[in-house]
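Report on one structure; see the data block that follows.
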Amino acid sequence: MIVLGIESSCDETAAAVVRDGREVLASVVASQEALHHRYGGVVPELASRRHMEAITPVVAEALRRSGLPLAAVAAVSATQGPGLVGSLLVGFSFAKALAFARGIPCVGVNHLEAHVHALYLAPAPPQFPFVCLLASGGHTGLYHVSSPASMELLGQTRDDAAGEAFDKVAKMLGLGYPGGAVIERLAREGDPGRIRFPRAYLENESFDFSFSGIKTAVGRHLNECRNAPGWRPADVAAGFQAAVVEVLIRKLVRAARDRKARRVALVGGVAANRFLRERLAAEAGREGLETHVPQPDLCGDNAAMVAAAGYHRLAAGLRCGLDADVFSRSQ
Ligand code: KG4
Ligand code: ZN
């Protein structure tokens, strides 16, 4: 079954053609990074307008790259939420209209579940159950996943998401938006041990996260030390990244132990971070855990994961009507 996936929840307009929820025939992502860079964050109004311009050419390009005609598409799957409402409406309305015009089913998917479905597009997807860390710009949570349709939330951030912390620290360092990849690059030239930022583990057994403290600590450090001799932004980037990565990995590994899971997975935009991927592989290896992380281009927002999530919903008999609406937050 060929599913056309559409993603427009934030600042990426994406379309993908996926066979049987497993095989990516084409995946196109048009990023709005350059548009929002100078504002240090996504400007919702600008994002919606850019989605309007990009959606038709992006879908056409995905179909062209797949080598399939539109008639081969059996269903359309689009992100329904959470995300920016104005942005979501563009992709979701496009999906409903296209499905209606073609007389094929349309299905709406949850963006967070879609990130987890990026795992099922790998050549060797994880077997169930596994414990999954989702770390993106809007969300950070730990899940126990026992089937494509069932994810139990074990804990989540009480304030900032991990990616949001990368973005805010990058902004404080004057590195622009988005911050993850820039911090990662800068951190390679820094000493992670030179500045020790706080690690928030919260109460003993909690699987929740908190990243607002480290953001404040970086702000305070910058105020006090940025003019000191020998001070280097690369050491701040490295120290910050090391602290965030340590917390993420410890909680993920502890959740796996707690749930007696033999597999761990990492998804979401932050999962593209090489330092995080390498540290996880090392830690999980020591614990005898099997590790699964999507290929880097399927970690950040993309429509292949949306098509995969839609495929599983369609297989379960789910559809959305023409009156279905988007949602900004997970209920
Ligand atoms: O999953 P995603 O594309 O969008 C959301 O659903 O939020 O995640 C975007 C987030 C941004 O905060 C970005 O800074 C972060 O992922 N990110 C990274 C890296 N690449 C993207 N964070 C750390 N290291 C990276 N290499
Ligand atoms: Zn996302």
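Indexing begins at 1, ligand by ligand and atom by atom, following the structure's order. In this text, all values refer to a predicted model and were calculated from it rather than measured experimentally.
- Looking at Asn273 against ligand 1, both its backbone and its side chain come within 4.0 Å, counting heavy atoms.
- For the pair Glu12 and ligand 1, the shortest N or O to N or O distance does not fall below 3.5 Å.
- Heavy atoms of other residues, nucleotides or ligands lying less than 6.0 angstrom from CZ of Arg254 number more than 12.
- Ligand 1 has at least one atom lying under 4.0 Å from a heavy atom of His115.
- For ligand 1, the atoms lying closer than 4.0 Å to a non-hydrogen atom of Gly300 are 3 (O).
- Using modelled atom types and a 3.5 Å distance limit, the side chains of Gln80 and His111 yield no donor-acceptor pair.
- Summarising the local packing, CE of Met151 is surrounded by more than 12 heavy atoms from other residues, nucleotides or ligands at distances under 6.0 Å.
- Closest heavy-atom approach to atom 5 (C) of ligand 1 among the candidates Ser136, Ala114, Ala135: Ser136.
- Under 3.5 Å, the side chains of Glu152 and Ser150 contain no donor-acceptor pair of N or O atoms.
- Of the protein's non-hydrogen atoms, Glu184 OE1, 2.8 Å is the one closest to atom 26 (N) of ligand 1.
- For the pair Arg220 and Glu224, the salt-bridge criterion is not met [side-chain N within less than 4.0 Å of a carboxylate O].
- Atoms of ligand 1 found under 4.0 Å from any heavy atom of Gly138 (numbered from 1 in listed order, with element): 7 (O).
- Using a 4.0 Å cutoff on heavy atoms, Ala181 counts as a contact of ligand 1.
- With ligand atoms numbered from 1 in the order given, ligand 1 contributes 11 (C), 12 (O), 13 (C), 14 (O) to contacts under 4.0 Å with heavy atoms of Asp167.
- When only interatomic distances are considered, the shortest N/O to N/O separation between Gly163 and ligand 1 falls below 3.5 Å.
- A salt bridge does not link Glu45 with Arg50: none of the charged nitrogens is closer than 4.0 Å to a carboxylate oxygen.
- Contact between His111 and ligand 1 is present, with at least one heavy atom of the residue lying under 4.0 Å from the ligand.
- Thr13 and His51 share a side-chain donor-acceptor pair at under 3.5 Å.
- Looking from atom 2 (P) of ligand 1 to the surrounding protein, the closest heavy atom is Asp301 OD1, 3.4 Å.
- Atom OD1 is the N/O/S atom of Asp301 found closest to the Zn ion (ligand 2).
- Figure legend: cation-pi geometry between Lys251 and Phe209, with NZ or CZ positioned under 6.0 Å from the six-membered ring centre and within 45° of its axis.
- Residue His111: an N/O/S atom is found under 2.8 Å from the Zn ion (ligand 2).
- Residue His139: no N/O/S atom is found under 2.8 Å from the Zn ion (ligand 2).
- Distances between N or O atoms of Gly137 and those of ligand 1 include at least one value under 3.5 Å.
- Residues Asp159 and Ser210 bring a donor and an acceptor atom of their side chains to less than 3.5 Å of each other.
- One hydrophobic cluster holds both Val59 and Val17 under the rule that ILVMFWY side chains link at heavy-atom gaps under 4.5 Å.
- Considering both main-chain and side-chain atoms, Gly269 comes within under 3.5 Å of ligand 1 through a nitrogen or oxygen pair.
- Of all protein heavy atoms, the one lying nearest to atom 22 (N) of ligand 1 is Gly180 CA, 3.3 Å.
- Under the 4.5 Å side-chain heavy-atom criterion for Ile, Leu, Val, Met, Phe, Trp and Tyr, Leu46 and Val58 are members of distinct hydrophobic clusters.
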